[in-house]
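Working notes, beginning with the structure itself.
Everything numeric in this text was worked out from a predicted model, so none of it was measured. Below, read A as the first sequence line, B as the second, and so on, with proteins coming before strands; counting in each chain starts at 1.
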Number of protein chains: 2
Amino acid sequence: MRVRDCCPPLVDAPLAPADAERLAHAFAALADPVRLRLLSLVAAAGEVCSCDLVEPLDKAQPTVSHHTKVLAEAGLIVGEKRGRWVWWRVVPDVVDDIHRALGSAAGASATSTH
Amino acid sequence: MRVRDCCPPLVDAPLAPADAERLAHAFAALADPVRLRLLSLVAAAGEVCSCDLVEPLDKAQPTVSHHTKVLAEAGLIVGEKRGRWVWWRVVPDVVDDIHRALGSAAGASATSTH
DNA sequence: AACACGCATTGACAACCATCGATTCGTCTG
DNA sequence: CAGACGAATCGATGGTTGTCAATGCGTGTT
């Protein structure tokens with residue numbers, strides 16, 4: 001699921017229900033500590049094999065597989081199968097989109113009432 | 001719950017479990033379409049009374065009260081009681097903190113693998 | 001071909017969550 | 001003080017989710 005081209009900064013104008021639904025899905029993918037650490041591991045290393053995620057995350061293999069699937073369906077990471085291993089990378093565009101939806105002018109919005 | 005002073009950009013280095021827990025709570029507050037629209041309404045208007053949220057959100061009053069409570073506990077909005085009404089404002093600092101945790105350098109991190 | 005290995009899927013279970021009717025609490029008004 | 005009104009709390013309910021053991025599926029190795 002892509003976030004790009006769907007969600008204007010939520011501080012600018014009331015969010016349309018459909019946009020809110022999509023954005024909520026994106027945030028839901030980030031709303032789990034295991035997934036945040038997983039994403040962080042992949043982002044920091046640039047590329048990580050699934051087999052190298054089980055130990056640092058301290059979760060069973062099916063659990064890690066579940067979380068990579070959720071992040072991949074949110075478009076935040078992509079997996080490439082090389083031999084028997086799957087290598088994961090972050091998709092910076094999508095992270096940027098969520099970043100942008102939060103509003104780069106976050107600090108400027110509510111100052112209008114002061 | 002504050003996010004400030006707790007969460008380095010997750011793209012820079014592997015997230016500590018405790019930081020991941022706190023960040024996950026913040027994202028969880030944003031992981032609901034009703035809450036996103038609520039936050040958007042408040043942000044766009046600058047200040048909104050609870051009674052003016054029920055109709056545009058099309059939710060029962062206890063449901064709206066529940067969502068404002070979740071957003072307030074996440075530190076994203078604050079309510080001020082004036083007479084019988086409660087007026088809500090966004091807390092731009094906290095929105096900025098989450099913004100920052102996502103990594104302003106989101107697009108710069110994974111470029112190393114290209 | 002037979003085996004080992006990495007990963008995905010399934011099924012089950014417990015915990016959590018969104019929603020709303022009913023009720024309660026606090027505040028204003030007559 | 002009594003009634004009205006806005007908002008928070010409580011209880012119940014249906015749905016979602018994180019977790020892992022067991023299993024299935026490709027792929028590489030011997």
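- Between A/Arg35 and the phosphate of D/dG18, there is a side-chain N or O to OP1/OP2 separation shorter than 4.0 Å.
- Rounded to whole angstrom, the span from the CG atom of A/Asp32 across to the C1' atom of D/dT19 amounts to 11 Å.
- Linking Ile, Leu, Val, Met, Phe, Trp and Tyr residues whenever their side-chain heavy atoms come within less than 4.5 Å leaves A/Leu76 and A/Trp87 in two separate clusters.
- Residue A/Ser65 is classed as a base contact, given a heavy-atom separation below 4.0 Å to a base.
- Protein atom CZ of A/Arg37 is 15 Å distant from nucleotide atom P of D/dG18, rounded to whole Å.
- Counting non-hydrogen atoms under 4.0 angstrom, A/Val64 reaches nothing in the nucleic acid.
- The distance from atom CZ of B/Phe27 to atom C1' of D/dT17 is 19 Å, rounded to the nearest whole Å.
- Remark: A/His67 is in phosphate contact with D/dT19, judged by side-chain N or O atoms under 4.0 Å from OP1 or OP2.
- Atom-to-atom, NE2 of B/His25 to P of D/dT17 comes out at 16 Å; the value is rounded to the nearest Å.
- A/Val94 approaches A/Gly75 most closely through the heavy-atom pair CG2-O, 3.2 Å.
- Heavy atoms of B/His66 sit under 4.0 angstrom from at least one base atom.
- Linking Ile, Leu, Val, Met, Phe, Trp and Tyr whenever their side-chain heavy atoms come within less than 4.5 Å leaves A/Val90 and A/Trp85 in two separate clusters.
- Look at B/Arg84 and you won't find any side-chain N or O under 4.0 angstrom from OP1 or OP2 of C/dT29.
- Nearest to the side-chain atoms of B/Trp88 among the listed nucleotides D/dA8, D/dG6, C/dA8 stands D/dA8.
- In plain terms, the two heavy atoms of A/Ala29 and A/Leu71 that are nearest each other are O-CD2, 3.8 Å.
- For the OP1/OP2 pair of D/dT19 and a distance below 4.0 Å, the side-chain nitrogens and oxygens of A/Lys59 include at least one atom meeting the criterion.
- Between B/Glu21 atom CD and D/dG18 atom C1' there is a gap of 12 Å when expressed in whole angstrom units.
- One atom, CH2 of B/Trp85, and another, C1' of D/dA4, lie 12 Å apart when rounded to the nearest Å.
- B/Lys69 has a side-chain polar atom (N or O) that falls below the 4.0 Å cut-off from OP1 or OP2 of D/dT9.
- For the pair B/Leu71 CG and C/dA18 P, the computed distance is 10 Å after rounding to whole Å.
- At a threshold of 4.5 Å between side-chain heavy atoms, the hydrophobic network of Ile, Leu, Val, Met, Phe, Trp and Tyr places B/Trp88 and B/Val70 in two separate groups.
- Contact record, B/Leu57 with B/Val34: CD2-O, 3.9 Å, taken as the closest heavy-atom pair.
- Note: CG (B/Leu38) to C1' (C/dT19) measures 15 Å, nearest angstrom.
- Of the two residues near DNA chain C, A/Gln61 and B/Arg82, the one whose nearest nucleotide lies more 5' is A/Gln61.
- In this structure, of D/dA7, D/dT19, C/dC7, it is D/dT19 that holds the atom nearest to the side chain of A/Val34.
- Of the candidates C/dT27, C/dC7, C/dT9, C/dT9 carries the atom nearest the A/Pro62 side chain, counting heavy atoms from C-beta on.
- At C/dT19, none of the side-chain N or O atoms of B/Thr63 fall inside 4.0 Å of OP1 or OP2 (strictly under the cut-off).
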